[in-house]
Amino acid sequence: MLDRAFFQRDPVRCAQELIGCELVWNSCAGVVVETEAYAAVGDEASHTFVRPSTRAFVERHEAGAAYVYFNYGMYWLFNVLVKGGAVDGFVLIRALQPTRGVALMRRRRFPGPAGLKPRPVETLCSGPGKLAIALGITGEQHGIDLCRNPKKAFHAGSGSRIAWVSDVRIGISKAAHLPWRFLAAENPHVSVRESAGRG
DNA sequence: ACACGGATACTA
DNA sequence: AGTATCCGTGTC
């Protein structure tokens, strides 16, 4: 399980090194294949820029705390607090390659009677809203310590370190030019492929 | 292309 | 109270 020291560095470096790690969430798990870094200071796209409540969250929680928030009236988005390095911030987990609990993920993502054609595994966690549904992450887990319980934690990736590429952040209207999105190279489980000419 | 839908932080 | 905004997804 990744310890607190892992998250006591700057968010960009954490976002890079989380690629290839495994996120374990109860009986489900997946390899992190897409992340984005946000800085707590000077980053217009970070909640800390406009929300006093988020700035208070940074103050009151330790590195490795889960920051879960509700967006677009429908989706929970899962971040981890990074604190204690050169700058504080968050890493948004944007996509996973499922490794355990795939059947349960499929039930959560596509409830109701089992369809005649099952959705491909690449669609289960290929986005921040999708992976929260697939893992069962909600606001109930907001603020929990991800360095305490191995059943809700990041774990070092098995085998060799996965190669990542960087790209601009997506889905935001401000400070989107920063190359703070990181993806596992040529991985079909990411939300959006890297734009041309990057890496 | 568009609808879906709620928390947060503004203005007043 | 009313308004603008928001790190998204599925279907049109």
Side-chain angles (χ1 to χ4, degrees), chain A residues 7 10-12 14-16 18-19 23 30 32-61 65-83 87-96 98 105-143 146 154 164 166-184 188-195:
Chain A
F7 302 102
D10 77 81
V12 169
C14 273
Q16 292 167 348
L18 277 172
I19 299 295
L23 174 59
V32 178
V33 295
E34 182 179 345
T35 60
E36 271 178 1
Y38 290 82
V41 175
D43 183 355
E44 285 188 273
S46 172
H47 283 184
T48 51
F49 199 84
V50 291
R51 294 191 184 188
S53 58
T54 305
R55 292 194 287 272
F57 183 94
V58 174
E59 288 299 315
R60 294 170 188 167
H61 290 79
Y67 179 81
V68 185
Y69 76 96
F70 199 53
N71 203 20
Y72 293 106
M74 260 172 285
Y75 300 105
W76 295 103
L77 273 64
F78 174 67
N79 303 251
V80 55
L81 174 62
V82 174
K83 182 180 176 183
V87 296
D88 298 343
F90 295 93
V91 176
L92 169 67
I93 308 303
R94 287 195 53 91
L96 304 173
M105 291 187 192
R106 221 186 285 272
R107 254 177 282 136
R108 287 184 176 132
R109 285 271 290 124
F110 308 105
L116 273 63
K117 53 170 186 177
R119 313 292 186 113
V121 68
E122 290 84 1
T123 67
L124 295 181
C125 298
S126 55
K130 297 177 186 179
L131 73 86
I133 295 170
L135 296 184
I137 296 175
T138 71
E140 291 180 20
Q141 287 86 45
H142 183 54
L146 300 173
F154 293 95
W164 51 263
S166 68
D167 198 358
V168 292
R169 297 188 292 188
I170 59 177
I172 54 178
S173 58
K174 286 173 267 192
H177 62 283
L178 294 173
W180 286 0
R181 188 167 75 107
F182 304 98
L183 311 92
H189 297 266
V190 301
S191 66
V192 178
R193 304 276 195 291
E194 61 266 38
S195 48

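Quick note: numbers below take in every heavy atom, side chains included, and nothing from hydrogens, waters or symmetry partners. Below, chain A is the first sequence line, B the second, and so on; all start at residue 1. Predicted, not measured: the structure shown is a model, and the values here were computed from it.
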To the nearest Å, how far apart are A:L183 CG and C:dC7 P? 18 Å
Closest to the A:S53 side chain, choosing from B:dC4, B:dA9, C:dC7: B:dA9
For C:dC6 and A:K174 - does any side-chain N or O of the residue sit under 4.0 Å from the phosphate oxygens OP1/OP2? yes
Among the candidates C:dG10, B:dC4, B:dC10, find the nucleotide nearest to the side-chain atoms of A:M74. B:dC4
Answer yes or no for A:R51 and A:F57: cation-pi contact, defined as NZ/CZ to six-membered ring centre under 6.0 Å and angle to ring axis within 45°. no
Going by the angle between their ring planes, with limits at 30° and 60°, are A:H61 and A:H142 parallel, tilted or perpendicular? tilted
If we require ring centres under 5.5 Å and near-parallel planes under 30°, does A:Y72 stack on C:dG8? yes
I'd like to check A:V168 versus A:R181 (side-chain heavy atoms, cut-off strictly below 4.5 Å). Are they in contact? no
Taking any heavy-atom pair under 4.0 Å as a contact, classify A:Y38: base, sugar-phosphate, or nothing. base
Report yes if at least one side-chain N or O of A:R181 is closer than 4.0 Å to OP1 or OP2 of C:dC7; otherwise report no. no
Pairwise C1' distance for C:dG10 and B:dA7, with rounding to whole Å: 22 Å
A:R108 side chain to A:A134 main-chain N or O, any donor-acceptor pair under 3.5 Å? yes
Tell me what A:G129 touches on the nucleic acid: a base, only sugar-phosphate, or nothing, going by heavy atoms under 4.0 Å. sugar-phosphate
Minimum-distance nucleotide to A:P52 side chain [options: B:dG6, C:dC7, B:dA9]: B:dA9
My validator wants the stems of DNA chain C: runs of 3 or more consecutive Watson-Crick or G-U pairs, both distances under 3.5 Å, written as range with range. B:2-4 with C:8-10, B:6-11 with C:1-6
Salt bridge flag under 4.0 Å for residues A:D88 and A:K83: no
For A:R94, answer base if it contacts any base atom (sugar-phosphate contacts may also be present), sugar-phosphate if it contacts only those atoms, and nothing otherwise; contact means non-hydrogen atoms under 4.0 Å. sugar-phosphate
Looking only at side-chain atoms of A:L77, point me to the closest of C:dG8, B:dA9, C:dG10. C:dG8
Parallel, tilted or perpendicular: rings of A:Y67 and A:H47 (30°, 60°): perpendicular
Which of C:dT9, B:dG6, C:dT11 is nearest the side chain of A:R119? It is C:dT11
Compare side-chain N and O positions of A:S173 against OP1 and OP2 of C:dC6 and report whether any pair is under 4.0 Å apart. yes
Using a cut-off of less than 4.0 Å, is there contact between a side-chain N or O of A:K130 and OP1 or OP2 of C:dG10? yes
Between C:dT3 and B:dG5, how far apart are the C1' atoms? Round to whole Å, please. 16 Å
